[in-house]
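Note sheet for the following structure.
Indexing begins at 1, ligand by ligand and atom by atom, following the structure's order.
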Amino acid sequence: TRSTRPQRMLKAVQKNAIRGNPESVISAIDYFCKHSEWAMNVGDEKGCILDSVVTEVDPSTVLELGTYCGYSTVRIARLLSPGTKFITVEFNPASAEVARKIIAYAGLQDKVTLVEGASGDLIPQIKKLYGITTFDFIFLDHWKDRYLPDIKLFEEYGLLGKGSVLLADNVICPGTPEYLEYVRNSPRYESRYYPSHLEYTKVEDGLEKSLFLG
Ligand SMILES: Cc1ncnc2c1ncn2[C@@H]1O[C@H](/C=C/CNC(=O)c2cc(-c3ccc(F)cc3)cc(O)c2O)C[C@H]1O
Ligand SMILES: [Mg+2]
């Protein structure tokens with residue numbers, strides 16, 4: 001049967017990247033998406049903004065929602081200090097399998113816990129299952145209509161502390177209007193928009209960074 005796009009992306013990594021070299025894995029995926037097949041990775045332009053926010057926060061605990069093929073997982077994990085707890089959530093088993101292989105190819109498997117499941121099911125259990133009290137950094141890049149319900153779950157289950165930073169992809173394209181309205185109008189967050197473009201295109205998109213004020 002025909003391969004899937006994630007499987008073809010994995011093949012491109014195995015063919016063009018250097019095992020144990022995260023930068024080469026990132027470049028191989030970006031090259032594949034620019035020259036072979038577009039895919040919904042955060043990409044190199046928004047990826048640089050992601051890098052700068054992760055570096056600025058220097059988090060001890062990280063959560064990513066929507067692993068997909070592991071591109072942003074590799075971008076984040078390569079910047080983390082030793083001992084950082086990084087959980088990434090993916091509910092599609094085929095995507096999760098490709099992501100595990102791409103993360104391992106980059107040599108970052110020991111820095112990442114990939115959890116298969118739906119974010120709405122997992123978030124209420126994270127404290128119990130992983131011994132996390134609060135997350136210093138959260139990257140939202142899953143179904144766009146899940147951003148708002150999930151940020152409310154973070155609040156409900158006390159997973160945000162004063163200074164926690166949430167970074168949301170695609171707030172313009174495909175767009176997350178309800179989430180944006182919430183974080184920009186809630187007195188509990190200080191939000192800032194980082195203008196950029198939809199990965200591998202000239203279409204406008206951007207990232208929204210929201211600081212939880214406690
Ligand atoms: C609730 C939940 N729990 C766990 N994993 C979840 C989940 N919802 C999605 N996921 C997983 O994340 C991944 C999905 C992410 C959704 N991202 C998107 O739909 C997405 C779409 C586009 C886009 C833009 C313009 C276009 F013309 C076409 C597409 C661009 C992006 O950067 C995206 O992240 C894979 C899925 O299995
Ligand atoms: Mg995205």
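In terms of the side chain to side chain contact (heavy atoms under 4.5 Å, CB included) criterion, residue partners of S3 (sequence neighbours excluded) are, by chain and number, Q7, R8. With sequence neighbours excluded, the residues forming a ring pair (Phe, Tyr, Trp, His ring centres under 6.0 Å) with F212 are Y189, listed by chain and number.
When the options E90, K144, R146 are ranked by their closest heavy atom to atom 36 (C) of ligand 1, first place goes to E90. Closest heavy-atom approach to atom 9 (C) of ligand 1 among the candidates W143, Y147, W38: W143.
None of T61, I126, T133, T134 except one satisfies the side-chain contact (heavy atoms from CB on, under 4.5 Å) rule with L159; the exception is I126.
Distance check for atom 26 (C) of ligand 1: every protein heavy atom is found at 4.0 Å or beyond. Protein non-hydrogen atoms do reach within 4.0 Å of atom 34 (O) of ligand 1.
Aromatic rings from H142 and F91 are positioned such that their centres are separated by 6.0 Å or more.
At least one N or O atom of F91 sits closer than 3.5 Å to an N or O atom of ligand 1. Of the N or O atoms in S119, one or more lie within a sub-3.5 Å distance of an N or O in ligand 1. Checked against a 3.5 angstrom limit, the closest N/O atoms of D169 and ligand 1 fall inside it. Not one N or O of N41 is nearer than 3.5 Å to an N or O of ligand 1, by distance alone.
Protein N/O/S atoms closer to the Mg ion (ligand 2) than 2.8 Å number 3 in this structure.
Taking the charged nitrogens against the carboxylate oxygens, E116 and R100 do have a contact shorter than 4.0 Å, which makes a salt bridge. Under the 4.0 Å criterion applied to side-chain N and carboxylate O atoms, E56 and K209 are assigned as salt-bridge partners. Using a cut-off of 4.0 Å between Lys/Arg side-chain N and Asp/Glu carboxylate O, K144 and D141 are scored as salt-bridged.
For N92 and Y68, the side-chain atoms include no donor-acceptor pair closer than 3.5 Å.
The cluster map of Ile, Leu, Val, Met, Phe, Trp and Tyr, joined by side-chain heavy atoms under 4.5 Å apart, puts V13 and V42 in the same cluster.
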task = Walk me through it: do K46 and E199 pass the test salt bridge (Lys or Arg N to Asp or Glu O under 4.0 Å)?
result = CA-CA 7 Å; K46 288 186 289 179; E199 49 267 28; 2.7 Å; yes
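Not a single heavy atom of Y200 sits less than 4.0 Å from an atom of ligand 1. The closest approach between S95 and ligand 1 stays at or above 4.0 Å for every heavy atom of the residue.
Both the backbone and the side chain of D141 come within 4.0 Å of ligand 1, counting heavy atoms alone. Residue contacts with ligand 1 for L198 involve side-chain atoms from C-beta outward but no N, CA, C or O (heavy atoms, distance under 4.0 Å).
With hydrogens left out, the protein atom closest to atom 12 (O) of ligand 1 is G66 CA, 3.3 Å, a heavy atom. For atom 21 (C) of ligand 1, the closest heavy atom belonging to the protein is P174 CG, 3.6 Å.
Applying the salt bridge (charged side-chain N to carboxylate O under 4.0 Å, His left out) test to pairs two or more places apart or on separate chains, those with a residue in residues 150-162 are R146-D150, E155-R188.
For ligand 1, the atoms sitting less than 4.0 Å from at least one non-hydrogen atom of N170 are 30 (C), 31 (C), 32 (O), 33 (C), 34 (O), numbered in the order shown with element in parentheses. Within ligand 1, the atoms closer than 4.0 Å to a non-hydrogen atom of G117 are 3 (N), 4 (C), numbered from 1 in the order shown. Numbered from 1 in the order shown, with element, the atoms of ligand 1 that lie under 4.0 Å from a heavy atom of N92 read 37 (O). Within the listing of ligand 1, atoms 30 (C), 31 (C), 32 (O) sit less than 4.0 angstrom from a heavy atom of E199.
A side-chain donor-acceptor contact under 3.5 Å links Y147 to the backbone of L140.
Atoms CG and CH2, from L65 and W143 in turn, are 13.0 Å apart once rounded to the nearest 0.5 Å.
Of all non-hydrogen atoms in A77 and V112, the two that sit nearest each other are CB-CG2, 3.8 Å. Taking all atoms of both residues into account, the shortest heavy-atom contact from M9 to A39 is CE-CB, 3.4 Å.
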